[in-house]
Amino acid sequence: VGGPGEMAARVEISPGQQRPLVGSRAAYLTMGQRYPYRWSVGEGVTRLAEGMLYESRQGLRLRVERFEPDFVFGADRRVTSRSQELNNPAVEIALYEGDERVYSQWLFAKEALKAMMHQHHEVYGLDLMGVSVEEENREFQIRVWQLETPGSEKQLSLGLEEDAVLEEAVKVESEIVQAAVQEWSVRLIETRAAYRTTLSVTRNPAVPLVYVGCTIVLLGLTLAFLARRRELWFRVDRDRGRLQVVARYRYGREDLDGGTERALAEMAGIETERKAED
């Protein structure tokens, strides 16, 4: 970044970020999120200059890599086809910068499965519109549009392993769109790849243990609702030397279990004998 006088600063910045400029009290550089990157230099709330920042590219090509007429995940989650009928047609496309494969995605023709195509390239959206019926010379109609450019939609007709140019090679580095202070300029020196780590779990060996735990919990709840509840109260009458037992049972006398019935009969017999002795 070059500023008034001999001011110059080297800034390491990623798309969508804002960085302060060394050598200036309040100046900062902001870069847009998508290519071609829009940059702006500001100071406080004042925007001093803005423009478009390009990077040298070898061109961007869209290529049809693979086709499955009846797409399905097979063993080990590998993509395969259940039949040769067009029951669930899908194509794998790839984007190349020169000879480098920079992006790939599966496109589905069925409307119900288009929700699986949640990801898009950072610049382009892609959609499979149709597949020709002829098996020998299949053609795939692919809709392509720039995500932030209304009216940029176009439809490509490609065969398997054919490609189409989406972007020509560019060598322009920067252009100033508007500048309140003419001395400001931004020049691209180099680009570095940004890495990220994505963690996902496709198989959890602890799932059987979770199922066993859930089964035990359900059995416990079932037993808690089915078990017959009994409540007993004991009263000790020390003056008279008696022990009084009072029980409350949830069900009627006719629904008593055998153990409770025998206990009541035994207590009734003891009480009868005591009265006879008195």
Side-chain angles (χ1 to χ4, degrees), residues 13-17 31-40 50-69 71 79 81 86 88-111 113-177 186-196 198:
I13 188 170
S14 298
Q17 290 185 343
M31 179 179 286
Q33 292 186 348
R34 298 187 180 277
Y35 182 85
Y37 305 112
R38 191 178 190 91
W39 60 265
S40 65
E50 61 181 12
M52 305 296 291
L53 184 66
Y54 300 87
E55 57 179 318
S56 298
R57 292 196 173 195
Q58 301 179 17
L60 193 65
R61 296 181 294 114
L62 171 67
R63 181 179 176 85
V64 177
E65 300 262 298
R66 183 178 174 184
F67 170 65
E68 297 295 346
F71 180 96
V79 173
S81 186
L86 296 178
N88 185 21
V91 295
E92 183 184 18
I93 59 91
L95 296 180
Y96 286 83
E97 286 186 8
D99 295 330
E100 182 182 359
R101 191 173 191 249
V102 296
Y103 179 80
S104 65
Q105 179 183 351
W106 280 97
L107 304 178
F108 298 89
K110 275 190 172 182
E111 292 294 332
L113 295 179
K114 289 186 184 293
M116 296 178 62
M117 302 184 299
H118 57 278
Q119 67 181 92
H120 284 296
H121 182 256
E122 59 179 0
V123 179
Y124 290 98
L126 303 156
D127 191 11
L128 178 61
M129 303 301 295
V131 179
S132 63
V133 180
E134 299 181 6
E135 294 187 11
E136 296 182 357
N137 299 309
R138 287 203 188 275
E139 287 192 347
F140 310 100
Q141 288 72 47
I142 300 175
R143 184 168 63 99
V144 185
W145 70 95
Q146 291 187 4
L147 297 176
E148 295 188 353
T149 306
S152 62
E153 180 179 320
K154 59 182 177 181
Q155 187 163 319
L156 305 174
S157 183
L158 298 174
L160 191 61
E161 298 184 353
E162 291 184 354
D163 54 15
V165 177
L166 298 183
E167 289 182 8
E168 299 290 345
V170 293
K171 296 182 179 180
V172 181
E173 287 191 343
S174 179
E175 63 173 307
I176 296 178
V177 178
V186 176
R187 183 168 62 91
L188 179 65
I189 299 175
E190 64 176 334
T191 59
R192 298 176 183 174
Y195 297 96
R196 67 180 180 183
T198 302

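Numbers here are sequence positions counted from 1. When reading the values below, keep in mind they use all heavy atoms of this one structure, side chains included, and skip hydrogens, waters and symmetry mates. Computed from a prediction, not measured in an experiment: that's the story for all the values here.
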Any [X] side-chain heavy atom under 4.5 Å of [Y] side chain:
| X | Y | value |
| --- | --- | --- |
| Gln105 | Leu107 | yes |
| Val79 | Arg66 | yes |
| Leu166 | Lys154 | yes |

Looking at [atom1] of [X] and [atom2] of [Y], how far apart are the two atoms once the value is rounded to the nearest 0.5 Å?
| X | Y | atom1 | atom2 | value |
| --- | --- | --- | --- | --- |
| Lys110 | Leu86 | NZ | CG | 10.5 Å |
| Glu92 | Arg63 | CD | CZ | 11.5 Å |
| Leu156 | Met129 | CG | CE | 12.0 Å |
| Arg143 | Gln155 | CZ | CD | 8.5 Å |

Enumerate donor-acceptor pairs with a distance under 3.5 Å from any side-chain N or O in residues 157-164 to protein atoms, sequence neighbours excluded.
residue: Ser157; atom: OG; partner: Glu139; partner atom: OE1; Å: 3.0
residue: Glu162; atom: OE1; partner: Gly159; partner atom: N; Å: 2.8
residue: Asp163; atom: OD2; partner: Arg61; partner atom: NH1; Å: 2.6

Problem set entry | Side chain Gln17, main chain Ser14, donor-acceptor under 3.5 Å | yes

Problem set entry | Trace of the side chain to side chain contact (heavy atoms under 4.5 Å, CB included) decision for Tyr103 with Tyr124 | CA-CA 11 Å; Tyr103 179 80; Tyr124 290 98; over 6 Å; no

Can you see which heavy atom on [X] is nearest to which on [Y], and at what distance?
| X | Y | answer |
| --- | --- | --- |
| Glu65 | Ala94 | CG-CB, 3.6 Å |
| Glu68 | Trp106 | CG-CH2, 3.9 Å |
| Pro15 | Tyr37 | CG-CE2, 3.7 Å |
| Gly16 | Gln33 | CA-CG, 3.5 Å |
| Arg138 | Val133 | NH1-O, 3.4 Å |

For this session: Kindly indicate, with the supporting measurements, whether the criterion side chain to side chain contact (heavy atoms under 4.5 Å, CB included) is fulfilled by Ile93 and Leu128.
Result: CA-CA 10 Å; Ile93 59 91; Leu128 178 61; over 6 Å; no

Problem set entry | ring pair (Phe, Tyr, Trp, His ring centres under 6.0 Å) involving Phe140 - partner list, sequence neighbours excluded | Phe67

